[in-house]
Protein chains: 2
Amino acid sequence: MLSNACKYAIRSILYLAINSSEDNKIGVKIIAEELETPQPFLAKLLQQLTRDKLVSSTKGPNGGFYLDSKNRKNAIWDVIISIDGTSKFDNCFLGLAKCDDRNPCPVHFIVSPFKDKILSSFRDKTIDEYVVEIKNTNRVISLKDLDLFENEDS
Amino acid sequence: MLSNACKYAIRSILYLAINSSEDNKIGVKIIAEELETPQPFLAKLLQQLTRDKLVSSTKGPNGGFYLDSKNRKNAIWDVIISIDGTSKFDNCFLGLAKCDDRNPCPVHFIVSPFKDKILSSFRDKTIDEYVVEIKNTNRVISLKDLDLFENEDS
DNA sequence: ATAAAAAAAGAGATTCTTGTCTTAAACTCG
DNA sequence: CGAGTTTAAGACAAGAATCTCTTTTTTTAT
Ligand code: FES
Ligand code: FES
């Protein structure tokens, strides 16, 4: 559904939302290590996001990427638009030319409610709100955070 | 989620399930036209499906592809395994290394129920059963069938 | 000023997916 | 048998996605 590029970008934005500030800019190197993504490739993506004003950056020593308060008012959806475009969300799951309720493919009514949900999750919440939700519910973003509950079987 | 190749393959199987029989084999050319897919590419896919005994074929005049009663007992899931493999269904939507309920990414609990549904739709029904469902509910398979209800606004 | 640090930019390499082309093999029918 | 038809197979080509490398520009700190 999403390209690798877009997945990296979303995870970067969330990472920056949680860990960065104007006083604490983070370099590509760190971000790439934390998210375990290819470094120069991620750099390209961050450049793209910066061009589209979804993240902020400064050069030089103590420079790096961060989110200012304006950036935090955007939605994940804006990241998807910037990197992947929206076509993958509009297209039919089985590749038919059109996807709508009146000419549904065999899985349309399974796929369609899911699309709506994920869409509203990405589009109707600001990054800020997203982060609050992530913190409240202990969601994982980077890879290194995995297996948080390794030894606490429920 | 699914590759083009896999979408073509699924649509072909469904097309053959509805339109072919041992007495009515269908050539690649016709199938490719009906589904509006690149012909030689589809031929490759049908060869692959034939190797995996998901479709049947005979060469020569009046030859072509068809589904025998054994083929019809398979599931769409078998097509996906044959063409794409299952990894796309196992992987995390945001590209994290593992996808499970204990280390959920921010969208895990949105994506996960959908995966279960689509999976059971593909895995727990035979092609035969799928076709019955398609016929009962007027689902669209090829592109040419689109806009069936053009002038019957509900 | 100068040196170091970091992003920006652009060219290039690799791999994967998609798609094409050509030849071989098998089958049918006259 | 022999001509025609259709799948099978394999090599090949184009394109996109992914990833890398090098150079330039900007900023900070000394
Ligand atoms: S028509 Fe196929 S997903 Fe909507
Ligand atoms: S952990 Fe991301 S979808 Fe399950």
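Letters go in sequence order (proteins before strands), and every chain restarts at 1.
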Round to a whole Å and report the spacing from [atom1] of [X] to [atom2] of [N].
X     : N      : atom1 : atom2 : answer
B/D52 : D/dT7  : CG    : P     : 18 Å
A/Q48 : D/dA17 : CD    : C1'   : 15 Å
B/E36 : C/dT18 : CD    : C1'   : 18 Å
A/D84 : D/dA16 : CG    : P     : 15 Å
B/K25 : C/dA26 : NZ    : P     : 17 Å
A/L45 : C/dA8  : CG    : P     : 12 Å
B/N4  : C/dC16 : CG    : P     : 18 Å
B/L16 : D/dT7  : CG    : C1'   : 14 Å

Legend entry - Mutual orientation of the aromatic rings belonging to A/Y8 and A/F41 [parallel < 30°, tilted 30-60°, perpendicular > 60°]: perpendicular
Legend entry - Parallel, tilted or perpendicular, as decided by the 30° and 60° cut-offs, for the rings of A/F89 and A/F122: perpendicular
Inset, instruction - Produce a footprint string for nucleotides 20-30 of chain D: one letter per nucleotide, 5' end first; B if the base is under 4.0 Å from any protein heavy atom, S if only the sugar-phosphate is, - if neither. - result: B----BBBBS-
Inset, instruction - Answer with base, sugar-phosphate or nothing: what part of the nucleic acid does B/A5 contact at a heavy-atom distance below 4.0 Å? - result: sugar-phosphate
Inset, instruction - Compare side-chain N and O positions of A/Y8 against OP1 and OP2 of D/dT18 and report whether any pair is under 4.0 Å apart. - result: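 Answer is no, no contact under 4.0 Å.
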Inset, instruction - Ignoring backbone atoms, test whether A/S57 places a side-chain nitrogen or oxygen under 4.0 Å from the OP1 or OP2 oxygen of C/dA8. - result: yes
Legend entry - Donor-acceptor contact below 3.5 Å, side chain A/E34 vs main chain A/I31: no
Inset, instruction - Please answer whether the main-chain N or O of A/A9 pairs with a side-chain N or O of A/R11 as donor and acceptor at a distance below 3.5 Å. - result: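 Answer holds: no.
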Inset, instruction - Taking the side chain as every heavy atom from C-beta outward, state whether A/F93 and B/M1 have any atom pair closer than 4.5 Å. - result: yes
Legend entry - Spatial distance of atom CD1 (A/I127) from atom CZ (A/R72) [nearest 0.5 Å]: 9.0 Å
Legend entry - NZ (A/K53) with more than 12 external heavy atoms under 6.0 Å: no
